[in-house]
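Note sheet for the following structure.
Labels below follow one simple rule: chain letters A, B, ... track the order of the sequence lines, proteins then strands, and each chain is numbered from 1.
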Protein chains: 2
Amino acid sequence: MTTFFREKLQERGLKVTPQRVAIYEAIVKLNNHPTAENVIEYIKVNHPNISVGTVYKVLDSLVENELLKKVKTEKDIMRYDAVLSNHHHLYCAETDRIEDYEDEKLNKLINEYFIKNKIKNFNVTDIKLQITGKFKNNKK
Amino acid sequence: MTTFFREKLQERGLKVTPQRVAIYEAIVKLNNHPTAENVIEYIKVNHPNISVGTVYKVLDSLVENELLKKVKTEKDIMRYDAVLSNHHHLYCAETDRIEDYEDEKLNKLINEYFIKNKIKNFNVTDIKLQITGKFKNNKK
DNA sequence: TTCCGCAAAGATAATAATTCTTATTTAGTA
DNA sequence: TACTAAATAAGAATTATTATCTTTGCGGAA
Ligand SMILES: [Mn+2]
Ligand SMILES: [Mn+2]
Ligand SMILES: [Zn+2]
Ligand SMILES: [Zn+2]
């Protein structure tokens, strides 16, 4: 899992550093679209000296190099996602829980719709659904 | 236009104050999904003494009372929307411009899709498309 | 092997958006 | 008109994020 990431870093001409690896691993392991702070907390165990600024800087550059994605919420906190495939999000406003929603059939439906119904004056690069609601069995 | 808003405030048991009316008007007139700061700047002309905290508090309570909606972006700034009808957003990451995209046919398509394809363990209350891309003729 | 250049990390100050606190004012009501 | 809960103003505080500046450590040239 880490080798994939190391290779990706090298592809983009980014140095492979323990901090970068640790931050990426944290995002993957935490897997609930963590915040920068979640990452810091998680990492502190094995990297007690990591700097807050470094975490933000690494997150930014990983987003820029398309190894992570930003996830928007209603709140004033940015969250991050290691899942790069084209997927949507289920978002519960009450608990702030965000789950991935992958649905190839839906993607196809929407893409086909927009091929037939072009939006005038706008070049679409990405379409994402924000599905707001409430999880039923909060057994997690 | 202001009477609609006054009535809405009363319906919700909120006092009609000049600040609330002015803030609501600002959102409507600015109409490009303004930030709190945009609102403050706009309002300062006629309400030089309005307090920043008041603007944030009013915005919050109007959102809570469903007279405004929050609009998420990639940035660390919240934006607000007075258009309450179920619509989507065209978002240009370069210029931060956000335009409404209303499409009843699309809404129907998506609603029908989710009636046939229920998401398990999740009660949907709202589905919104974030359409990212670039505006063609930036004549605005 | 030493030295250099440089990207990255660490420490910490600064900033920007938002929230909180407290005293004062106001809108709605009796 | 007077009363009272609700709302506002002012400004401090907090939170998330960014910027600055210094230090570290690796890779390649001498
Ligand atoms: Mn901020
Ligand atoms: Mn903030
Ligand atoms: Zn995701
Ligand atoms: Zn809108």
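In the set C/dA9, C/dT18, C/dG28, C/dT18 carries the atom at the smallest distance from any side-chain atom of B/A36. Checking C/dA7, C/dA9, D/dT8 against the side-chain heavy atoms of A/K15 singles out C/dA7 as nearest. For B/D60, the listed nucleotide lying nearest its side chain is C/dT19; candidates were C/dA7, D/dT8, C/dT19. Considering only side-chain atoms of A/I50, the nucleotide from D/dT17, C/dA8, C/dG10 that sits closest is C/dG10.
For the pair B/N49 CG and C/dA23 C1', the interatomic distance rounds to 16 Å; values are reported in whole Å.
A/T17 has a side-chain polar atom (N or O) that falls below the 4.0 Å cut-off from OP1 or OP2 of C/dA9. Residue B/Y56 places none of its side-chain N or O atoms closer than 4.0 Å to OP1 or OP2 of C/dT19. Distances shorter than 4.0 Å separate some side-chain N or O of A/Q19 from OP1 or OP2 on C/dG10.
In this structure, CD1 on B/I77 lies 7.0 Å from CG on B/D96, to the nearest 0.5 angstrom.
Note on ring orientation: taking the six-membered ring where Trp is involved, the planes of B/F5 and B/Y24 are parallel (angle under 30°, cut-offs 30° and 60°). Taking the six-membered ring for Trp and thresholds of 30 and 60 degrees, A/H87 and A/H33 have ring planes inclined between 30 and 60 degrees apart.
Nearest-nucleotide assignment on DNA chain C puts the 5′-proximal partner with A/P18, out of B/T54 and A/P18. Of the two residues near DNA chain C, A/G53 and B/K70, the one whose nearest nucleotide lies more 5' is A/G53.
Residues A/E41 and A/K44 are not paired through a salt bridge, judged by the lack of any N-O separation under 4.0 Å between the basic side chain and the carboxylate.
On a pure distance criterion of 3.5 Å, a polar donor-acceptor pair joins the side chain of A/S51 and the base of C/dA11.
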